[in-house]
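Here is the structure we will look at.
Residue numbers begin at 1 in each chain, while the letters A, B, ... track the order of the sequences.
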Number of protein chains: 2
Amino acid sequence: MTTERTGSPSLIDVARAAEVSTATAGRALGGYGQVSERARERVLRAAAELGYRTNSLARSMITGSTHTIGVIVTDVANPFFAMALRGITDVAHPAGFEVLLVNTGRNVEAEQRAVTVMSEKRVDGIIVAAARPSRGRHLKQTIDAGVPVVLLDREVSGVSEADTVTIDNEHAAGEATRHLLELGHRRIGLVTEAGDEFDRLRRPGNRRKGLLPSALRLRGYLRALEDAGLPVEESLVATARYDRESAYEAAGRLLALPEPPSAVLCTDNVLASGAYRAVQDSGLRIPEEISVVGFDDEPWTTLVRPALTVVEQPDYELGLRAGRQLLHRLDGGSGSAKPQSVRLRATLVVRDSTACRR
Amino acid sequence: MTTERTGSPSLIDVARAAEVSTATAGRALGGYGQVSERARERVLRAAAELGYRTNSLARSMITGSTHTIGVIVTDVANPFFAMALRGITDVAHPAGFEVLLVNTGRNVEAEQRAVTVMSEKRVDGIIVAAARPSRGRHLKQTIDAGVPVVLLDREVSGVSEADTVTIDNEHAAGEATRHLLELGHRRIGLVTEAGDEFDRLRRPGNRRKGLLPSALRLRGYLRALEDAGLPVEESLVATARYDRESAYEAAGRLLALPEPPSAVLCTDNVLASGAYRAVQDSGLRIPEEISVVGFDDEPWTTLVRPALTVVEQPDYELGLRAGRQLLHRLDGGSGSAKPQSVRLRATLVVRDSTACRR
DNA sequence: CTGAAAGCGCTTACAG
DNA sequence: CTGAAAGCGCTTACAG
């Protein structure tokens, strides 16, 4: 079988079939300019008969807009980002924008490549959850090249011209810690992936830029203890890599301490599931013998027994707001307006895994 | 502040600055054709100084490839699709392809629009988890227009020229049902969203096309009962909308039956979490008084007590294979080769929520 | 309302 | 190895 026509029909083919100029055909098909009813009908019919599809590439080259936004996350499979991503698509699609997605796997080089490629593909703007908030040169360059950037979930150092939509991580972790303090706990363990930032974070300073959410949560925990006049003990901060198994081990180390904590706070949903498992396996009763607090309000946290007390992050809304922020900026009105900064509140949801220290 | 230069520099600007032709500049920057070392250096330097970014739109218009694949799913926030999506990006990115993502929210019209837009944006191919497998005209048209399509997770009627990557849903549900039968259960409840297909599925026939996974699982359940010589009772098939609350109610209805089932099978992770909750709230002891089987091996299924017996779907691999399939086809070699069909096996993971009927 | 012509920013034969 | 010219498929002033 050989096909007669090689490529798909172009506007020229349609114009020829409809016996009008390409300008008129383009106007009828693209819905811009003035076209008589009669011409429009003929063009539309011809287009349908030929199976014409507009070539958006050509159009975008002229109009300067692709109606595409780039979205860069570290891991789409993480429910937190999956939800944020849905928030983004839920606002982008109705507005006529598509989403060009890149998953960096927390690799900065991948992020740099993504930003370059997206910029070359002429996306109208980029929403990015930076892999390493301390590395922002590529983002700064992107903005300088005229591509609006919205920072999602992480503020990046050296990138002051971007809108930001984040969650108040330090406050959230502080709330969780205070909740445990109020229940009488004095030795509160932390399972975190930001343990190596311990020394840096103990020093005074409130800069948020350049720090990962996990680091900010660690700081929230540290400050809450300090504010309560309690000593901060480094052995109570257990560092884990970002996976369930590592969190399981980290929690295990806390429980094996000569003087183990009476409560454990986990700064993320992945770490929480690993740590919860470790506590379960230890045989300690929750909350009678040990209290546990997780992060992210996922369905499973109400399915386990006892149900988990958690810090609930507005993940979907985070994406929604980031999407709106970007579309707003693309709308022209605020094109060069000064950067907006939105910080959403997380809320502590107290359930059955926390109780007074016995 | 006003900017001097309006747009970003083009190849012409670079060529001028490097004192070469645009052809040479293009060759040096694009990495094609022959360029002398000397010319290349000058071009690269000029490009760097000017902050030049290739315009991929122009390039794609000529080369005919955007190095972009479209991915259409019904819900990115569903862990199943989030994982499959990661499988896709994990194979696409290293191969130099980006992903244009659309979330249809199970709406066919949204899917039709997505396919049109993607086609107009000249994606190189599309991977789609069809919202309604019985509706495939738009997909057929897309293929006819020359855009390769890979069907993910659902085979669509009227679309025979597409590669497909699916999971053997009927077999999987059959396995789960047989597991319960072997444990002595005779009244096995099903929580499904395909309940309205009950009559149709009871009739003989093995067509897979046009059916949602949930329908195929319902059929697997029905056939397993028939094969065991057991009567199929419609009241044991509880229909739920696709959300936790509805599944909770559906499971509740089963438990409230005059003669309630001694085991419950849920055909999906969302339904399973709702149903598990309902069983918990009923006060019935799992597995002593009732056995429960879920679908999708998510982390929470090992966190609940008793740990849930589940049918584990290879979600990540599903995406991986779909991505590979598409890239393979784009590679030219198999351009017009006949459609490939891959059907992956799901595996039953027996844990503590199933036991012999007492 | 309509069309001829220019042009968006590249790549690709083609000739040298 | 290099460059002048054509052309990918559209949209946009501009003149009528």
Side-chain angles (χ1 to χ4, degrees), chain A residues 5-44 46-47 50-67 116-117 119-124 145-146, chain B residues 5-44 46-47 50-68 117 119-124 145-146:
Chain A
R5 303 171 302 114
T6 311
S8 46
S10 74
L11 194 56
I12 299 182
D13 301 318
V14 176
R16 198 168 294 156
E19 296 181 298
V20 296
S21 68
T22 59
T24 297
R27 284 190 270 252
L29 257 11
Y32 54 88
Q34 309 285 358
V35 201
S36 67
E37 197 43 55
R38 186 161 163 284
R40 160 175 291 113
E41 276 172 13
R42 293 174 56 182
V43 171
L44 260 35
L50 294 173
Y52 172 75
R53 304 173 294 153
T54 300
N55 184 325
S56 297
L57 299 173
R59 174 177 293 172
S60 292
M61 215 158 63
I62 299 169
T63 63
S65 162
T66 53
H67 276 234
T116 302
V117 173
S119 169
E120 294 183 345
K121 284 188 173 170
R122 296 306 195 255
V123 297
D124 292 337
Chain B
R5 301 171 304 114
T6 310
S8 45
S10 74
L11 194 57
I12 298 182
D13 301 319
V14 175
R16 198 168 295 155
E19 295 180 299
V20 297
S21 68
T22 59
T24 298
R27 285 189 269 252
L29 257 11
Y32 54 88
Q34 309 284 359
V35 201
S36 67
E37 197 44 55
R38 186 161 162 283
R40 161 174 291 114
E41 275 171 14
R42 293 173 55 183
V43 170
L44 261 34
L50 293 173
Y52 172 76
R53 302 173 294 154
T54 298
N55 185 326
S56 296
L57 299 173
R59 173 177 293 172
S60 293
M61 215 157 63
I62 298 169
T63 62
S65 162
T66 54
H67 276 232
T68 304
V117 172
S119 170
E120 293 182 346
K121 283 187 175 170
R122 297 304 194 257
V123 297
D124 292 337

Testing C:dC10, C:dC8, D:dT12 for proximity to the side chain of B:N55, the answer is C:dC10

Among D:dA13, C:dT11, C:dG9, the one nearest any side-chain atom of B:A58 is C:dG9

Between CG of B:L11 and C1' of D:dG7 the distance, given in whole Å, is 15 Å

Rounded to whole Å, the OH-P distance (B:Y52 to C:dG9) equals 10 Å

Answer for the Watson-Crick or wobble partner of C:dG3, both distances under 3.5 Å, is D:dC14

To the nearest angstrom, the CD-C1' distance between A:Q34 and D:dA15 comes to 16 Å

Smallest heavy-atom separation, B:T66 atom then B:V123 atom, equals OG1-CA, 3.6 Å

>> Between A:K121 and B:T68, do the side chains contain a donor N or O and an acceptor N or O under 3.5 Å apart?
In response: yes

* Side-chain donor or acceptor of A:R122 under 3.5 Å from a matching atom on the base of C:dG9? -> no

Please tell me whether B:R53 and B:S8 have a donor and an acceptor in their side chains that are separated by less than 3.5 angstrom. yes

Whole-Å distance, A:Y32 OH to D:dG9 P, equals 15 Å

Quiz item: Side-chain N or O of A:T22 less than 4.0 angstrom from OP1 or OP2 on D:dC10?
Solution: no

Atom CZ of B:R27 and atom C1' of D:dT2 are separated, to the nearest Å, by 6 Å

When rounded to whole Å, the CE to P distance for the pair A:M61 and C:dT11 reads 11 Å

d(B:R59 CZ, A:M61 CE) to nearest 0.5 Å is 13.0 Å

Of the listed D:dT12, D:dG7, D:dC10, the closest approach to the B:I62 side chain comes from D:dG7

Rounded to whole Å, the CD1-C1' distance (B:I12 to C:dG7) equals 10 Å

Check whether any side-chain N or O of B:S21 sits under 4.0 Å from OP1 or OP2 of D:dT2, and answer yes or no. no

Check: So, is A:S36 near the phosphate of C:dT2, with a side-chain N or O under 4.0 Å from OP1 or OP2?
Finding: yes

